[in-house]
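All figures in this text were calculated on a predicted structure; none of them were measured in a lab. Here is how names work: the chains are called A, B, and so on, in the same order as the sequence lines, proteins then strands, and each is numbered from 1.
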Amino acid sequence: MASYQSGASGGGQGVAKAASDHQDDIEAMSPKRAAEELGRLAEVLAQANAGYYQADAPIMDDAEYDALKRRNAAIEAAFPDLKRADSPSDQVGAAPSEGFGKVRHTVRMLSLGNAFDDGDIIEFDKSIRSYLGLPRAAPLAYTAEPKIDGLSLSLRYEGGQLIQAATRGNGETGENVTANARTIADIPTELIGAPEVLEVRGEVYMSHADFAALNERQESAGGKPFANPRNAAAGSLRQLDAEITRKRPLKFFAYAWGELSQPLADTQLGAIERLRDLGFSTNELTQRCDGPDAMIAHYRMIEETRPHLGYDIDGVVYKVDDLGLQARLGFRSTTPRWAIAHKFPAELAWTELEKIEIQVGRTGALSPVARLKPVTVGGVVVSNATLHNEDYIAGRDAKGGEIRGGKDIREGDFVQVYRAGDVIPKVADVDLSKRPGNAVPFDFPQVCPECGSPAIREEGEAERGCTGGLICPAQAAEKLKHFVSRAAFDIEGLGAKKVEAFYGDPQLPVKEPADIFTLRERDAANLAKLANRDGWGQTSAKNLFDAIDEKRKIPLSRLIFGLGIRHVGEVAAQDLARHYGTWEAMARAIDTARPAALAHRAADEAAEAERRRADSEGRRARLAEARGKAVADCEVPEAASEAWAELIGTDGIGPVMALSLSDAFANPEERAAMDRLLPHLTPLPPEARADDSPVAGKTVVFTGTLEKMTRAEAKARAESLGAKVSGAVSAKTDLLVAGPGAGSKVKKAADLGVKTINEDGWLELIGQ
DNA sequence: GTGCCTCGAGTTCC
DNA sequence: CTCGAGGCAC
């Protein structure tokens, strides 16, 4: 960090003290000194902002920050002419004196599936009909409305009073912005004749005219203009001082709802009309359509109206109009089945590709990134874009087919860039006519650029990977970042930036997870204590050590996920934790299964070799034979076979994940790192699943004709209640739901003593 | 063997 | 958010 006062010993404390103790010296200040000090303040406050927002590592505490800001304002007041273009007083997103509270959404705020062309819309209609079991000719109405490009907000009313406003956040938890929402004219603070509990959801946005005027104000005050209306709206809503939000021209459209104490209407459109009657702004282009043709026609109409709307939209949203059908359709893991967003084509821009660089990820994957001459795409300046992998640069897809007409991408090329899903910049095309004469095809490295180990590409894989494992500093550091990430250990005050700093620290290196948990004792035994360093103090050092101690008790699933084993993500880690219950049980099973895992790999390789050699004649038999022989050669103990069978029998775990686990546990370096880590930890057993449903944890089989719902619907509903749905009756089956026309399964169930009920009985059981 | 659906991993910008 | 790939049902 650069010192605010030259010669200051580094801590933030001195800085704040200097600022607050001498407010009265300003009058006596020469303009030259004032200008210098404003310059220093701008710099140090900008750094504080950067530290707070990006690195998740506050450089100074809030009181210090506020004191500096006050001093800056006082000097500016005394010398208005000297106010800088980058004055901290005008910066948006100033470090808050207190953060926003968190709000857990009672009904999750989901995102929508995307459609990009007319065919996707027809497909959408088809899949809904098939899920509901509706014939093609049966009427099925949808609503269509513009998709506003703003930020979603959930407003909670109780007894007609606005009591809470929350941003979407990650869908489950958002930020409490109630005070700010109250300043938005379109948001009523009181409703008359509303249900007792009503959560209204909609979009906060800023019109083009208001955006232009706001930016003009910002600029004439020397502030930095917003990149686009969406950022302006987001920045304005997230002000900690609601009075600033009040001065920002925000608007709101209501289009959905969350928790309700009583239904708003029978249809989507009816509910929107009800919201409008309650006093909300609703979008006038919302319309009912009787099928895909009408939906597409309405899409075209909105597309034509788009330039004249006066606010940004990025597509059209279709929803099944009948709310009863919406309820039957329900949700996939992250999106509702009954709605889809038809996106407008992404904005494109051409720019020069200056350089192709290679990044190394935690799994060793070499990912090429395009360094671009900065260009504005969809209201944002883009200077980097992903190039996916070797094949993408070469103009091939995963199957060896051509993309971009087979054109490869070279340094120096003019390339077309777009933001996929309006977020991730990607290189879409190359202008060969502008290719410099000296441009050469990109030579994808065959060795890791970070550690020099060979970078191997397995047959059939898209990624080329560094083979250095933990020897590779890039991989080791990325693995550590993963270990402290939010879904894993989530240690407060130890984010990616800090991990990187600690990784290369000469006094207190953190090279592997275990090092994190020895940090406090090593610090105590060390002369170069953390507390004496620039940017650190007694308090911040203690806070870090305490935060680390807090995570010594850790849910088993987080521990497993944190290890960063390939193919084992958050969900697989939970599956494993739930299945084995303890670290020891899981580790023992994986160890025991090792010979079987090796046999499995040998069999795969043998089959692969055979496949390459053999042509179609009698191939299947020979493959099976080769597999069998390979397994036989391995002489797998029975215990290993059993452990392996259990591992791949675990819900959600297949041979690929199992093999990956096995390799990780059998790798001496990785295993040693685990063995050094575990003594510092107390893994907590997985929480038992909440058994609030009578079918939770039960295995259910449906057979015969279902009359009130389709097969897909029955399955999804059962699974959402925690049941497992299987196709065949076995000893493990808990319940058979048999409709008319059921055959052998009923008999088998009777033989096995499995309880059998009919469809009505099932609906009654699940309370419908 | 084929075709969903979901998960995992990597990615950018604020 | 997207892509590729794993898991699993049909």
Answer yes or no: does a side-chain N or O of [X] lie under 4.0 Å from OP1 or OP2 of [N]?
X: K426(A); N: dT12(B); answer: no
X: T363(A); N: dG8(B); answer: no
X: T386(A); N: dT12(B); answer: no

By the 4.0 Å heavy-atom rule, please label Y418(A) as base, sugar-phosphate, or nothing.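 No contact at all - Y418(A) keeps every heavy atom at 4.0 Å or more from the nucleic acid.
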
Checking all strands, does A227(A) fall into the base, sugar-phosphate, or nothing category for heavy-atom contacts under 4.0 angstrom? nothing

Rounded to whole Å, how long is the line connecting atom [atom1] of [X] with atom [atom2] of [N]?
X: R464(A); N: dG4(C); atom1: CZ; atom2: C1'; answer: 17 Å
X: N389(A); N: dA9(B); atom1: CG; atom2: P; answer: 16 Å
X: I424(A); N: dT12(B); atom1: CD1; atom2: P; answer: 8 Å
X: K481(A); N: dG10(B); atom1: NZ; atom2: C1'; answer: 13 Å
X: L110(A); N: dC1(C); atom1: CG; atom2: C1'; answer: 16 Å
X: E570(A); N: dT6(B); atom1: CD; atom2: P; answer: 16 Å
X: N384(A); N: dG10(B); atom1: CG; atom2: P; answer: 17 Å
X: N114(A); N: dT2(C); atom1: CG; atom2: C1'; answer: 10 Å

Sub-3.5 Å donor-acceptor pair from the side chain of D413(A) to the main-chain atoms of V415(A), do we have one?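 Looks like no, no N/O pair under 3.5 Å.
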
Any sub-3.5 Å donor-acceptor pair from R337(A)'s side-chain atoms to L329(A)'s backbone N or O?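 Answer holds: yes.
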
Scan for salt bridge (charged side-chain N to carboxylate O under 4.0 Å, His left out) pairs involving residues 363-386 of chain A, sequence neighbours excluded, and state none if there are none. E357(A)-R371(A)

Set of salt bridge (charged side-chain N to carboxylate O under 4.0 Å, His left out) partners for D429(A), sequence neighbours left out: K407(A)

Under the salt bridge (charged side-chain N to carboxylate O under 4.0 Å, His left out) rule, collect the residues that match up with E450(A), sequence neighbours excluded.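 For E450(A) there are no salt bridge (charged side-chain N to carboxylate O under 4.0 Å, His left out) partners, ignoring immediate neighbours.
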
N180(A) and its side chain to side chain contact (heavy atoms under 4.5 Å, CB included) partner, picked from D241(A), L250(A), L237(A):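 Only one option passes, and that is L237(A).
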
A573(A) or R371(A): which one's nearest nucleotide on DNA chain B is closer to the 5' end? A573(A)

Tabulate below the donor-acceptor pairs under 3.5 Å that side-chain atoms of residues 472-480 of chain A make, not counting sequence neighbours, or state none.
| from | atom 1 | to | atom 2 | distance (Å) |
| --- | --- | --- | --- | --- |
| Q475(A) | NE2 | C466(A) | O | 3.3 |
| E478(A) | OE2 | K481(A) | NZ | 3.1 |
| K479(A) | NZ | E670(A) | OE1 | 3.2 |

5' precedence on DNA chain C between H567(A) and S111(A) (nearest-nucleotide basis):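 The residue mapped nearer the 5' terminus is S111(A).
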
Taking only the side-chain heavy atoms of V571(A) (C-beta and beyond), determine which of dG10(B), dC13(B), dG8(B) contains the nearest atom.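 So the side chain of V571(A) is nearest to dG8(B).
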
Of the candidates dG10(B), dG7(C), dC14(B), the side chain of V380(A) sits closest to dC14(B)

Nucleotide N/O of nucleotides 8-10 of chain C paired with protein N/O under 3.5 Å:
| from | atom 1 | to | atom 2 | distance (Å) |
| --- | --- | --- | --- | --- |
| dC8(C) | OP1 | G652(A) | N | 2.8 |

Partners passing side-chain contact (heavy atoms from CB on, under 4.5 Å) against D604(A) (at least two apart in sequence or in another chain):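 Applying side-chain contact (heavy atoms from CB on, under 4.5 Å) to D604(A) gives H600(A), R627(A).
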
Listed pairs under 3.5 Å, donor-acceptor, residues 646-659 of chain A side chains, sequence neighbours left out:
| from | atom 1 | to | atom 2 | distance (Å) |
| --- | --- | --- | --- | --- |
| E646(A) | OE2 | H579(A) | NE2 | 2.8 |
| T650(A) | OG1 | E646(A) | O | 2.9 |
| T650(A) | OG1 | L647(A) | O | 3.2 |

Does any pair with a residue in residues 347-388 of chain A pass ring pair (Phe, Tyr, Trp, His ring centres under 6.0 Å), and if so which ones, sequence neighbours excluded? H388(A)-Y392(A)

Where along residues 351-362 of chain A does a heavy atom come under 4.0 Å from DNA chain C, residue by residue in number order?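 Hits under 4.0 Å, by residue number: none.
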
